[in-house]
Amino acid sequence: MRGTEFEYRLLGPLEVLRNGLPVAVRAGRQRALLASLLIDANQVVPTGTLIARLWDDPPDGARNALQNYVLRLRRTLNTPDGTDTGTSGVPLHSCAGGYRLDVPGEALDLHRFDALLARARTATSAGTPQRASAMLGEALALWRGEPLLDVPSPTLQLEVVPALNERRLKGANKAAGRGGA
């Protein structure tokens, strides 16, 4: 990624690291925007979806305001202290109809969680319960509390957080060989 490595954490308070250093995303709407893009990482998130996640009652000019939040988020992600106003190396792209945040491999804790659960299920099926248990423990250790606890978006809190919590419970049950839908 052009020499820049990001790590994102959703499974608890929202956190971002760039090249191992914390990036402070302090503004509430920037946090909601970042969380919204991370939930749908590597996909174009439609402008309308982002607006709905940022505002309960969108203001006039919400599209322009969203563009400004995207610009500010790019700048915030550029350096840990936010002093550089450039955007080189920031994987946030404007696309037809929305925005996309490129998140490689295991740079997102949610993706790591899913990958570890899949490996735990495979180990369970292969009859290696100790390996499955280790993978499951590693997956569950990624959870640092209530997901998106510090993200001020009622839409995310009502629609996304319960789904993440359910994903955690169902995934853990399946990986442990206890079924689940």
Side-chain angles (χ1 to χ4, degrees), residues 1-55 58 62-118 139 142-165 167-168:
M1 198 169 25
R2 294 170 284 185
T4 303
E5 295 295 325
F6 284 94
E7 182 180 345
Y8 306 97
R9 298 175 183 159
L10 289 175
L11 304 178
L14 180 65
E15 294 180 357
V16 179
L17 300 174
R18 180 175 176 175
N19 296 324
L21 299 172
V23 177
V25 183
R26 291 184 180 95
R29 292 220 199 282
Q30 278 187 14
R31 295 178 76 70
L33 173 61
L34 178 58
S36 295
L37 292 165
L38 287 169
I39 291 297
D40 296 313
N42 303 317
Q43 302 172 47
V44 176
V45 183
T47 300
T49 299
L50 292 171
I51 288 171
R53 289 177 178 173
L54 267 61
W55 292 279
R63 286 183 186 277
N64 289 338
L66 175 61
Q67 289 173 344
N68 285 324
Y69 284 119
V70 168
L71 176 63
R72 289 181 197 149
L73 181 58
R74 282 185 181 127
R75 288 179 177 165
T76 298
L77 292 175
N78 191 46
T79 58
D81 64 4
T83 57
D84 183 353
T85 59
T87 58
S88 62
V90 176
L92 175 53
H93 306 282
S94 301
C95 303
Y99 297 90
R100 183 187 75 243
L101 183 63
D102 293 335
V103 179
E106 294 189 347
L108 177 62
D109 60 357
L110 180 60
H111 291 169
R112 289 193 308 274
F113 175 76
D114 290 339
L116 286 164
L117 284 183
L142 292 171
W143 289 77
R144 299 168 292 107
E146 184 70 14
L148 306 176
L149 182 64
D150 58 344
V151 175
S153 168
T155 300
L156 289 174
Q157 297 299 324
L158 291 172
E159 295 176 8
V160 173
V161 170
L164 289 174
N165 284 324
R167 193 168 172 174
R168 175 185 183 188

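Atoms considered below: every heavy atom in the structure, side chains included; atoms not considered: hydrogens, waters and symmetry mates. Treat the numbers as computed from the prediction; the structure is a model and nothing was measured. Position 1 is the first residue of the sequence, and the numbers go up from there.
- Asn165 meets the side-chain hydrogen bond (donor to acceptor under 3.5 Å, both in side chains) test with Glu146; sequence neighbours excluded.
- Minimum heavy-atom separation, Leu148 to Ala35: CD2-CB, 3.8 Å.
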| query | Going through the distances and angles, do Leu11 and Arg168 end up as a side-chain contact (heavy atoms from CB on, under 4.5 Å)? | reply | CA-CA 10 Å; Leu11 304 178; Arg168 175 185 183 188; over 6 Å; no
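- A donor-acceptor pair under 3.5 Å links the side-chain atoms of Thr47 to the main chain of Gly97, judged by distance alone.
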| message | Would Arg167 and Leu117 count as a side-chain contact (heavy atoms from CB on, under 4.5 Å) here? Give the steps. | response | CA-CA 10 Å; Arg167 193 168 172 174; Leu117 284 183; over 6 Å; no
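- With sequence neighbours excluded, no residue forms a side-chain hydrogen bond (donor to acceptor under 3.5 Å, both in side chains) with Arg29.
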| query | Between Leu73 and Leu37, is a side-chain contact (heavy atoms from CB on, under 4.5 Å) present by the stated rule, with each step listed? | reply | CA-CA 11 Å; Leu73 181 58; Leu37 292 165; 4.2 Å; yes
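- Panel note: side chain Glu5, backbone Leu17; no donor-acceptor pair is recorded below 3.5 Å.
- The ring-ring contact (aromatic ring centres under 6.0 Å, His included) analysis of residues 7-34, with sequence neighbours excluded, yields the pairs Phe6-Tyr8.
- Among residue pairs with one or both ends in residues 19-49, none qualify as ring-ring contact (aromatic ring centres under 6.0 Å, His included); sequence neighbours excluded.
- Under the rule for a side chain to side chain contact (heavy atoms under 4.5 Å, CB included), the partners of Ala41 that lie at least two apart in sequence or sit in another chain are Val103, Leu108, His111.
- Residues Val151 and Ala32 come closest through the heavy atom pair CG1-CA, 3.5 Å.
- In this structure the side chain of Pro147 never reaches within 4.5 angstrom of the side chain of Leu10, judged on heavy atoms.
- Residues passing the side-chain hydrogen bond (donor to acceptor under 3.5 Å, both in side chains) test with Arg63: none are found, sequence neighbours excluded.
- With sequence neighbours excluded, no residue forms a ring-ring contact (aromatic ring centres under 6.0 Å, His included) with Tyr99.
- Put simply, the side chain of Pro13 reaches to within 4.5 Å of the side chain of Arg144, judged on heavy atoms.
- To the nearest 0.5 Å, the span separating CD1 on Ile51 from OG on Ser36 amounts to 11.5 Å.
- The side-chain hydrogen bond (donor to acceptor under 3.5 Å, both in side chains) search around Gln30 returns Thr76, not counting sequence neighbours.
- Put simply, the side chain of Leu66 reaches to within 4.5 Å of the side chain of Leu33, judged on heavy atoms.
- Between Leu101 and Leu34 the shortest side-chain heavy-atom distance falls below 4.5 Å.
- By the 30° and 60° cut-offs, the orientation of the rings of Trp55 relative to Tyr69 is tilted.
- Identified under the salt bridge (charged side-chain N to carboxylate O under 4.0 Å, His left out) test for residues 151-163, with sequence neighbours left out: none.
- Qualifying salt bridge (Lys or Arg N to Asp or Glu O under 4.0 Å) partners for Arg112, counting only residues two or more places apart in sequence or in other chains: Glu7.
- Between the side chain of Thr155 and the backbone N or O of Ala52 there is at least one donor-acceptor pair closer than 3.5 Å.
- For the salt bridge (charged side-chain N to carboxylate O under 4.0 Å, His left out) condition, the pairs that include at least one residue of residues 30-43, sequence neighbours left out, are Arg31-Asp150, Asp40-Arg53.
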| request: For side-chain contact (heavy atoms from CB on, under 4.5 Å), just list the numbers for Trp143 and Leu164, CA-CA rounded to whole Å, side-chain angles, deciding distance to a tenth of an Å, and then say yes or no. | output: CA-CA 11 Å; Trp143 289 77; Leu164 289 174; 4.2 Å; yes
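- For the pair Asp102 (side chain) and Asn42 (backbone), a donor-acceptor distance under 3.5 Å is absent.
- Residues Leu54 and Ser153 fail the side-chain proximity criterion, which asks for heavy atoms closer than 4.5 Å.
- Closest of all the heavy-atom pairs between Arg100 and Cys95 is NH1-SG, 3.5 Å.
- Every residue was checked against the salt bridge (Lys or Arg N to Asp or Glu O under 4.0 Å) condition with Arg72, not counting sequence neighbours, and none meets it.
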